[in-house]
Enquirer: 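This is the structure, below, for whatever I ask next.
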Number of protein chains: 2
Amino acid sequence: MNTLGYAILGLVAGRSRTGYEVSRAMQRPLGYFWTARHSQIYPELAGLERDGLLRSRVVPGPGPRDTKRYSLTRKGKAALTDWLASPLGEEPAKSELMLRVWSLWLLSPDQARRLIATVREDTLEALAQTAIEREGFSPGVATTDLSDPEFGRWATLQWGIAHREALLRWCDWLLQRLHESEESSP
Amino acid sequence: MNTLGYAILGLVAGRSRTGYEVSRAMQRPLGYFWTARHSQIYPELAGLERDGLLRSRVVPGPGPRDTKRYSLTRKGKAALTDWLASPLGEEPAKSELMLRVWSLWLLSPDQARRLIATVREDTLEALAQTAIEREGFSPGVATTDLSDPEFGRWATLQWGIAHREALLRWCDWLLQRLHESEESSP
DNA sequence: GGACCCATGTAAATAGTTACATGATTCT
DNA sequence: AGAATCATGTAACTATTTACATGGGTCC
């Protein structure tokens with residue numbers, strides 16, 4: 001079983017979904033932590049059904065064609081909870097931003113400042129977006145009750161905010177250094 | 001050009017390196033932000049040399065066999081700086097931890113608490129490790145001078161610390177909620 | 001009429017992991 | 001003697017992205 005499979009099971013566990021709905025959730029909000037394109041999702045859904053972790057029923061969709069709506073089987077729920085409680089390995093971090101920062105010394109202070117300033121702007125925008133998402137919750141069951149299927153969305157949203165706020169502070173710290181560099185060696 | 005190529009150029013830009021040294025740096029410290037195994041690195045190095053972005057000279061290594069030591073060409077430096085200043089897309093986030101948190105409602109309060117407590121412990125350990133790494137700097141040129149090849153390592157280390165401290169606070173926040181849940185529905 | 005959303009698939013290519021292969025040196 | 005580190009590569013497999021393919025409905 002691969003991680004994408006568990007991601008899909010986690011989405012379908014909360015409520016039944018069509019492939020298209022899974023696909024949209026993998027853009028946002030789950031996409032903040034795990035992304036996949038529809039070309040990866042549809043074959044994976046078929047595989048999960050073949051393995052008896054999901055079941056589907058064909059229903060007339062809102063669109064022109066029939067859609068398959070997937071829901072979790074008992075076996076699927078067991079697989080998901082087993083995975084949740086299993087030991088968590090190291091997070092394989094991939095940050096193109098930090099990769100660029102590693103080589104920041106090759107840029108002029110002004111170019112470096114522009115790069116970080118842009119990141120700051122984008123982060124600020126993303127924070128405004130999360131503020132909107134947060135409004136969809138207040139102060140519902142999900143924010144206090146672990147057994148609510150929305151609890152995870154709430155908890156990960158909180159991390160999204162905390163993460164971006166930390167990034168914002170780091171940008172400010174770095175911009176401060178860069179301004180100092182610019183003054184001492186213009 | 002792919003991202004791995006720029007990661008390698010960034011490593012070789014600071015000082016010449018052998019494939020093995022690049023490989024180790026991709027475990028730590030660059031590995032905190034971009035990882036690659038040697039099986040991916042050696043072919044990529046060969047490709048970068050073929051494209052004229054790196055040049056190598058064969059030197060007798062400390063080990064039994066001759067090693068190729070790579071350094072950046074003018075063309076390679078130009079490619080790297082162009083990439084650094086180019087528009088930065090969205091960070092494709094992949095966090096298995098947050099993927100699990102999404103489905104946390106499926107676990108008992110006690111199981112959930114154990115998962116997050118383990119993450120807390122691991123984060124604390126990682127922070128202790130970064131503290132050791134930070135000592136290698138104090139208070140050298142890299143911490144103030146953007147033109148120092150070590151500046152990026154310093155700046156990314158700062159982010160590593162800030163990121164982990166934010167994660168720690170989020171764990172504490174979530175554990176607080178989970179204890180409340182445990183009391184109200186045991 | 002054109003752009004965009006709904007809706008689901010397959011094919012081809014690239015990126016990344018795991019396993020195979022080899023062999024000297026240094027530490028325990 | 002056995003394990004770990006140095007050192008470099010290839011082969012097979014899995015994961016992910018990009019492109020191809022199709023077509024109705026809704027909004028402007």
Side-chain angles (χ1 to χ4, degrees), chain A residues 1-9 11-12 16-28 30-31 33-51 54 56-70 89-96 99, chain B residues 1-9 11-12 16-28 30-31 33-51 54 56-70 89-96 99:
Chain A
M1 247 315 253
N2 56 25
T3 311
L4 175 62
Y6 293 116
I8 292 175
L9 292 183
L11 279 170
V12 171
S16 71
R17 301 196 197 229
T18 66
Y20 187 74
E21 285 168 354
V22 169
S23 186
R24 268 185 316 172
M26 289 269 184
Q27 288 164 26
R28 78 212 118 84
L30 219 213
F33 307 112
W34 203 271
T35 52
R37 314 297 173 92
H38 76 271
S39 60
Q40 212 184 347
I41 289 164
Y42 287 111
E44 188 69 30
L45 280 166
L48 291 169
E49 187 173 24
R50 203 186 339 96
D51 297 345
L54 290 180
S56 72
R57 53 183 196 286
V58 177
V59 293
R65 80 176 63 174
D66 289 345
T67 75
K68 265 182 270 183
R69 182 159 288 271
Y70 291 91
E90 274 190 73
E91 293 268 85
K94 294 240 160 176
S95 168
E96 198 183 311
L99 199 54
Chain B
M1 248 314 256
N2 56 24
T3 311
L4 174 61
Y6 293 117
I8 292 175
L9 291 183
L11 280 169
V12 173
S16 72
R17 301 195 198 231
T18 67
Y20 188 73
E21 285 168 353
V22 169
S23 187
R24 269 183 316 171
M26 287 272 182
Q27 288 164 28
R28 77 212 118 84
L30 220 215
F33 308 112
W34 203 272
T35 52
R37 314 297 172 93
H38 77 271
S39 60
Q40 211 183 348
I41 289 165
Y42 287 110
E44 188 68 32
L45 280 167
L48 291 168
E49 188 173 24
R50 205 188 334 100
D51 297 345
L54 290 181
S56 71
R57 55 182 195 287
V58 177
V59 293
R65 81 174 61 173
D66 288 346
T67 74
K68 263 181 271 181
R69 182 159 287 273
Y70 291 90
E90 273 190 73
E91 293 268 85
K94 294 238 158 177
S95 167
E96 198 183 311
L99 198 55

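Letters A, B, ... mirror the listed sequences (proteins, then strands); counts begin at 1. In this text the structure is predicted, and so the values were computed from the model without any measurement.
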Enquirer: Taking atom P of C:dA15 as reference, at what distance in whole Å does atom OH of B:Tyr6 sit?
Expert: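 So the two atoms are 12 Å apart, to the nearest Å.
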
Enquirer: I need the CZ-P distance between A:Arg17 and C:dT8, as an integer number of Å.
Expert: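 Those two atoms, CZ and P, are 14 Å apart.
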
Enquirer: Just how far, in rounded Å, is P of D:dA4 from CZ of B:Arg24?
Expert: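 After rounding, the gap between these two atoms is 17 Å.
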
Enquirer: Side chain of B:Tyr20: nearest nucleotide among D:dT8, C:dA19, D:dT16?
Expert: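 For B:Tyr20, the side-chain atoms sit closest to D:dT8.
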
Enquirer: Among D:dT18, D:dA11, C:dG16, which nucleotide has an atom closest to any side-chain atom of B:Leu4?
Expert: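 My answer, after comparing the listed nucleotides, is C:dG16.
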
Enquirer: In this structure, how many angstroms lie between the P atom of C:dT17 and the CD atom of A:Glu90, rounded?
Expert: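 About 13 Å, once rounded to whole Å.
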
Enquirer: Would you say B:Glu21's side chain and B:Thr18's backbone share a donor-acceptor pair under 3.5 angstrom?
Expert: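 Yes, B:Glu21 side chain to B:Thr18 backbone: donor-acceptor pair under 3.5 Å.
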
Enquirer: Show the numbers, then the answer: is there a side-chain contact (heavy atoms from CB on, under 4.5 Å) between A:Thr67 and A:Tyr20?
Expert: CA-CA 9 Å; A:Thr67 75; A:Tyr20 187 74; over 6 Å; no

Enquirer: Using the rule side chain to side chain contact (heavy atoms under 4.5 Å, CB included), only one of B:Val22, B:Leu4, B:Leu54 pairs with B:Glu44; which is it?
Expert: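 When B:Val22, B:Leu4, B:Leu54 are each tested with B:Glu44, the side chain to side chain contact (heavy atoms under 4.5 Å, CB included) holds only for B:Leu4.
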
Enquirer: Start at the 5' end of DNA chain D and walk down; is the nucleotide closest to A:Met1 or to B:Tyr70 reached first?
Expert: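 Nearer the 5' end of the strand: B:Tyr70.
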
Enquirer: Under 4.0 angstrom, heavy atoms only, what part of the nucleic acid is B:Thr3 near: base, sugar-phosphate, or nothing?
Expert: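 B:Thr3: no heavy atom of the nucleic acid under 4.0 Å.
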
Enquirer: Send over the distance from A:Arg69 CZ to C:dT8 C1', rounded to a whole Å.
Expert: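 Checked: the CZ to C1' distance equals 15 Å.
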
Enquirer: Kindly give the heavy-atom pair with the smallest separation between B:Ala7 and B:Met26, and that separation in Å.
Expert: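 For B:Ala7 and B:Met26, the tightest heavy-atom pair comes out as CB-CE, 3.6 Å.
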
Enquirer: May I ask you to verify whether the side chain of B:Thr67 and the base of D:dT8 hold a donor-acceptor pair under 3.5 Å?
Expert: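 In this structure, the two groups form no donor-acceptor pair.
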
Enquirer: Hey, mind stepping through B:Met1 and B:Leu48 against side-chain contact (heavy atoms from CB on, under 4.5 Å) and telling me if it holds?
Expert: CA-CA 9 Å; B:Met1 248 314 256; B:Leu48 291 168; 3.8 Å; yes

Enquirer: Does a side-chain N or O from B:Lys94 land closer than 4.0 Å to OP1 or OP2 of D:dT16, or not?
Expert: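 So the side-chain polar atoms of B:Lys94 do come within 4.0 Å of the phosphate oxygens OP1 or OP2 of D:dT16, strictly under.
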
Enquirer: Taking the side chain of B:Gln40 as heavy atoms from C-beta outward, which of C:dG16, D:dT16, D:dT10 is closest to it?
Expert: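 Selected nucleotide: C:dG16.
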
Enquirer: Would you indicate which nucleotide in D:dT10, C:dT10, D:dC6 comes nearest to any side-chain atom of B:Pro43?
Expert: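 My answer, after comparing the listed nucleotides, is D:dT10.
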
Enquirer: Looking at D:dA7, I'd like to know if its phosphate oxygens (OP1 or OP2) sit under 4.0 Å from a side-chain N or O belonging to B:Lys68.
Expert: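 False: B:Lys68 side-chain N/O out of range (4.0 Å or more) of D:dA7 OP1/OP2.
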
Enquirer: Mapping B:Pro92 and B:Tyr42 onto DNA chain D by nearest heavy atom, which one lands closer to the 5' end?
Expert: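 Nearest-nucleotide comparison on DNA chain D picks B:Tyr42.
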
Enquirer: Between A:Leu45 (CG) and C:dG9 (P), how many Å, whole number?
Expert: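 The answer, rounded to whole Å, is 8 Å.
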
Enquirer: Given D:dA19, is OP1 or OP2 found less than 4.0 Å from the side-chain N or O atoms of A:Arg37?
Expert: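 A:Arg37 to D:dA19 OP1/OP2: no side-chain N or O under 4.0 Å.
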
Enquirer: Separation of A:Glu44 atom CD from C:dT10 atom P, in whole Å?
Expert: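 Checked: the CD to P distance equals 13 Å.
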
Enquirer: Of the listed nucleotides (C:dT18, D:dA15, C:dT10), which one gets closest to any side-chain atom of A:Asn2?
Expert: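 Nucleotide nearest to A:Asn2's side chain: D:dA15.
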
Enquirer: Starting from C1' on C:dT17, measure out to CE on B:Met26 and report it in whole angstrom.
Expert: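 After rounding, the reported distance stands at 15 Å.
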
